[in-house]
Amino acid sequence: MAHTDLRDFIRALEKNRELRRISFEVDPYLEITEFADRSVKNGGPAFLFEKPKGSDVPVLINAFANERRMELALEATPEEVAGRIAELIAMRKPEGMLGKLKMLPKLADLASIFPKTVSDGPCKENVQREGFSLDRLPILHCWPQDAGRFITLPMVFSRNPETGKRNCGCYRLQVFDGRTTGMHWQTHKQGAEHYRRMRATGGAKRMDVAVAIGADPATMYSAILPLPPDLDEMMIAGFLRGKPVEMVKCETSDLEVPANSEIVLEGYVELGELRNEGPFGDHTGFYSLADDYPVFHITCMTHRSKPMYATTIVGPPPMEDFYMGKAIERIFLPLMRLQLPEIRDICMPAEGIFHNLILVSIRKSYPGHARKVMHAIWGLGQAMFSKCIVVVDEDVDVQNVQEVAWKVLNNIDPERDIQFVMGPIDSLDHSSRLPNYGSKMGVDATRKWKEEGFARPWPDVIRMSSEVRANVDALWKKAGLG
Ligand SMILES: Cc1cc2nc3c(=O)[nH]c(=O)nc-3n(C[C@H](O)[C@H](O)[C@H](O)COP(=O)(O)O)c2cc1C
Ligand SMILES: [Mn+2]
C-alpha cells in the first residue's frame, strides 16, 4: 500500500525501529547536523526532533539514510523497482487469455502513473497570504562556514514555458529573510532551463515557482531523479508508489503541488534578478563556493495543521544522499541498458560522490567498445558530469571496488588507455578551471585485443585448480583449521 503522506512514512520507520524521536531541545544551528552525521556514519536511526530550538515544527532527518529506509520509502528494494521497469520495457502484445491476464498488473502499473488533480488537500489546512515567515520553520544552519540557513530537501515545481510540461527538482534554498530565498538550480538542471526559456521569450517579468517540503516518500524521492527533460517527476512518483500522486492547485498561481505536502511555499522568481548564494557545506564534502543565483520571493505559505519539516544534510561521504544515489544507480540500470545493452553493471562508490567515479562493466564486442561506452555515458543526461569513467570487462564485479582497483591498475597502459575530454562539469566541482566547464577522464581497463593494436599475449588471472581446492578442503579440516 502506497504511503499516504510523510506521517505514514514516519509511522513505518518507527514500526521498523528505524526512527528515534528526540523529545528534548536540540539546536537547528549545527547541532542537528552533528546528530545526523554521527548517526549515518555509525549505522544509527533517522531522527524526529520534536523540540528544535526556536520553532514549534518538528524536524525529520535521515529518513532515507540506509538501505532499509530506502526500501521502506519505496516499499520495495531498488532491485525490485528495476525489475518492474525492465518488465515494462520488455512488454509485448499479449498472446491468448492467459497472456492478457498476466498483463493486467503491468497495465495497473501504467494506470497509476498519471497524477490526479484534486480540489482540496491536507496542505491547504492553513493558508497564509500574509503574516507568515520562514522564521517559524526549524531550517538548519548545517555547517560552520555556511552562509546561513538552507532548506535542503525541497520539491521545486516549475513549468516549461514552451511545452507547458511540469518539472520537479530538489534545489536547495538559502534563507535570505522571512519571505525570500536563493534558488539554487544549477545551470544544467530543468528549473534553470525553464528560467532561461522564459527570459528568452521576453514579455514576462516573473516565473511562477512552488516549493513543497515533506510529502509521501516516493514523491519526495522523485525530485532528485535524473529524468529526461519534460518527463514529469510526478508520473514517476505514481509509478514508484503504485498509486497516482494527488496534486492540488496553488493559491496564487496555476502550478500544482502534492496535496499531502506538509508545507508549501508559493511564489515567483523575478527574471534577471540574481543574488549571491553560498558558501554551503555540500555533497562533495567541501564547501561549494558562493555564486550568483536567482531569488525566490514567497507570496503565500500553506501548510498542514501541526506541520513537520523534512530535511537532510550533505557533507563528507557517506551521507543520506549516498543511499538515495545508490538506489538511483540500481533503478536506472535497466533504462541505461535500453540504450547500452552491453553494460552489465555500474557502480558509483560513495567516495566518488556519484559522478566523480563511475565503474562500468561491459560485454566487449568490438575494438574501441569501451571508449564508445564512455562517450555514450558522457552524452546521457546528468551522467554528462561523470568526471572519471572506468570501463572493465564483464568478468569484473564493479560492486567490489578492491577487485576493480586491482584489475584496472594491472590492466592499463596509462598513456594508451586513459583519454581526456572537455565538456560540461558539475557546478559543485571546485577543481575545474572554469565553473561548469572542464576536463573528464575515461579509463579503458578492458583486456586489449590484437584488433586494438595489442600484439603481446594477455595473461590469465591466477586461480587454483578446483581439484586441489577440494583436496585441501579436506586436509584443512584434518589439520584442525576449521
Ligand atoms: C539533498 C539534495 C540536494 C540537492 N541540491 C541541489 C541544488 O541545490 N541544486 C541543484 O541543481 N541540484 C541539487 N540536487 C540534485 C538535483 O536534485 C538532481 O540533479 C535532480 O535530478 C534535478 O532534477 P531536474 O533534472 O528535474 O532538474 C540535490 C540533490 C539532493 C539529493
Ligand atoms: Mn526533471
Side-chain angles (χ1 to χ4, degrees), residues 152 156 167-172 184-196 221-231 233 277-278 280-289 291 293 314-333 335-337 339-340 343 345-360 370-391 398 401 418-444:
T152 53
V156 178
N167 191 69
C168 172
C170 174
Y171 317 124
R172 73 176 186 233
H184 189 259
W185 47 46
Q186 294 153 7
T187 190
H188 314 97
K189 309 297 172 74
Q190 288 313 300
E193 180 62 16
H194 293 180
Y195 175 87
R196 270 193 297 272
Y221 185 63
S222 72
I224 73 161
L225 299 179
L227 303 180
D230 275 2
L231 181 54
E233 278 78 8
E277 195 265 10
F280 175 67
D282 227 313
H283 303 274
T284 55
F286 292 83
Y287 286 96
S288 54
L289 305 174
D291 199 359
Y293 275 89
V314 292
M319 281 288 193
E320 181 166 19
D321 57 328
F322 166 69
Y323 294 96
M324 299 168 104
K326 194 72 190 170
I328 291 182
E329 177 196 295
R330 295 295 89 200
I331 292 170
F332 278 71
L333 184 59
L335 293 168
M336 222 170 176
R337 292 187 58 183
Q339 280 297 312
L340 299 166
I343 290 185
D345 197 7
I346 61 166
C347 177
M348 295 185 253
E351 295 74 13
I353 321 294
F354 315 121
H355 52 269
N356 282 344
L357 180 61
I358 302 208
L359 312 175
V360 192
R371 291 178 192 246
K372 177 259 194 181
V373 169
M374 290 169 203
H375 287 279
I377 292 174
W378 282 320
L380 200 63
Q382 288 185 45
M384 70 174 127
F385 302 133
S386 306
K387 179 136 96 171
C388 180
I389 302 177
V390 179
V391 185
V398 289
V401 178
I418 295 177
Q419 166 174 13
F420 298 106
V421 297
M422 292 296 293
I425 295 284
D426 188 85
S427 301
L428 301 184
D429 191 298
H430 57 247
S431 66
S432 57
R433 58 208 83 180
L434 292 169
N436 301 314
Y437 182 64
S439 74
K440 296 176 262 198
M441 179 169 88
V443 181
D444 174 2

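Keep in mind the model is a prediction, meaning the values are calculated, not measured.
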Applying the side-chain contact (heavy atoms from CB on, under 4.5 Å) criterion to Met374, which one of Met441, Lys440, Gln419 satisfies it?
Gln419
Check the pair Lys189 / Gln382 against side chain to side chain contact (heavy atoms under 4.5 Å, CB included), numbers first and verdict last.
CA-CA 9 Å; Lys189 309 297 172 74; Gln382 288 185 45; 3.8 Å; yes
Is any side-chain heavy atom of Val156 closer than 4.5 Å to one of Cys168?
no
Contact check, side chains of Leu359 and Ile346, non-hydrogen atoms, under 4.5 Å:
no
Do the side-chain N and O atoms of Lys387 and Ser431 include a donor-acceptor pair separated by under 3.5 angstrom?
yes
In sequence, state the C-alpha distance, the side-chain angles, and the governing distance for Asp345 and Arg337, and then conclude on salt bridge (charged side-chain N to carboxylate O under 4.0 Å, His left out).
CA-CA 9 Å; Asp345 197 7; Arg337 292 187 58 183; over 6 Å; no
Looking only at heavy atoms, which two atoms of Met348 and Phe322 are closest? And how far apart?
O-CE1, 4.1 Å
For Tyr287, is the OH atom crowded, meaning more than 12 foreign heavy atoms sit under 6.0 Å from it?
yes
Close side-chain approach of Lys326 to Pro349, heavy-atom, < 4.5 Å
no
Hey, does the side chain of Gln190 reach the backbone of Gly169 with a donor-acceptor pair shorter than 3.5 angstrom?
no
For Gly438 and Arg433, which heavy atoms make the closest approach, and how far apart are they?
CA-NE, 4.5 Å
Quick one, Tyr171 with His184, criterion ring-ring contact (aromatic ring centres under 6.0 Å, His included). Give me CA distance, side-chain angles, the key distance, then yes/no.
CA-CA 5 Å; Tyr171 317 124; His184 189 259; 8.5 Å; no
I'd like to know whether Tyr221 forms a side chain to side chain contact (heavy atoms under 4.5 Å, CB included) with Ile331, so could you lay out the CA-CA distance, the side-chain angles of the two residues, the decisive distance to 0.1 Å, and finally the verdict.
CA-CA 12 Å; Tyr221 185 63; Ile331 292 170; 4.3 Å; yes
Between Tyr293 and Gln186, is a side chain to side chain contact (heavy atoms under 4.5 Å, CB included) present by the stated rule, with each step listed?
CA-CA 8 Å; Tyr293 275 89; Gln186 294 153 7; 3.7 Å; yes
To the nearest 0.5 Å, what is the distance between NE2 on His194 and CH2 on Trp185?
9.0 Å
Short side-chain donor-acceptor distance under 3.5 Å, Asn436 and Thr187
no
Which pair of non-hydrogen atoms, one from Pro317 and one from Ala350, has the smallest distance, and what is that distance?
CB-O, 3.6 Å
Once you round to the nearest 0.5 Å, how far does CG of Asp321 lie from CD1 of Ile328?
9.5 Å
Counting N and O atoms only, with roles assigned by atom type, does the side chain of Ser386 sit under 3.5 Å from a partner on the main chain of Cys388, one being a donor and the other an acceptor?
no
Less than 4.5 Å apart, side chain to side chain, heavy atoms only: is that true for Asp426 and Phe354?
no
For a 4.5 angstrom cut-off between non-hydrogen side-chain atoms, does Pro226 reach Phe332?
yes
Flag side-chain contact, heavy atom, 4.5 Å: Met384 against His355:
no
Quick one, Val360 and Ile343 - any side-chain contact, counting heavy atoms below 4.5 Å?
yes
So CZ of Phe280 and CZ of Arg172: to nearest 0.5 Å the spacing works out to 5.5 Å
Would you say the side chain of Leu357 lies within less than 4.5 Å of the side chain of Glu351, judging by non-hydrogen atoms?
no
Would you please classify the geometry between the His188 ring and the Phe385 ring as parallel, tilted or perpendicular, with 30° and 60° separating the classes?
perpendicular
Shortest non-hydrogen separation from Ser439 to Ile425 and the atoms involved
O-CD1, 3.5 Å
Out of curiosity, Ile389 CD1 to Asn356 CG, how far, rounded to the nearest 0.5 Å?
11.5 Å
How long is the gap from CG on Asp282 to CG on Leu428, to the nearest 0.5 Å?
4.5 Å
Evaluate the criterion side chain to side chain contact (heavy atoms under 4.5 Å, CB included) for residue pair Val391 and Arg371; output intermediate values, then yes/no.
CA-CA 8 Å; Val391 185; Arg371 291 178 192 246; over 6 Å; no
With rounding to the nearest 0.5 Å, note down the distance linking CD1 in Ile353 to CZ in Phe286.
9.0 Å
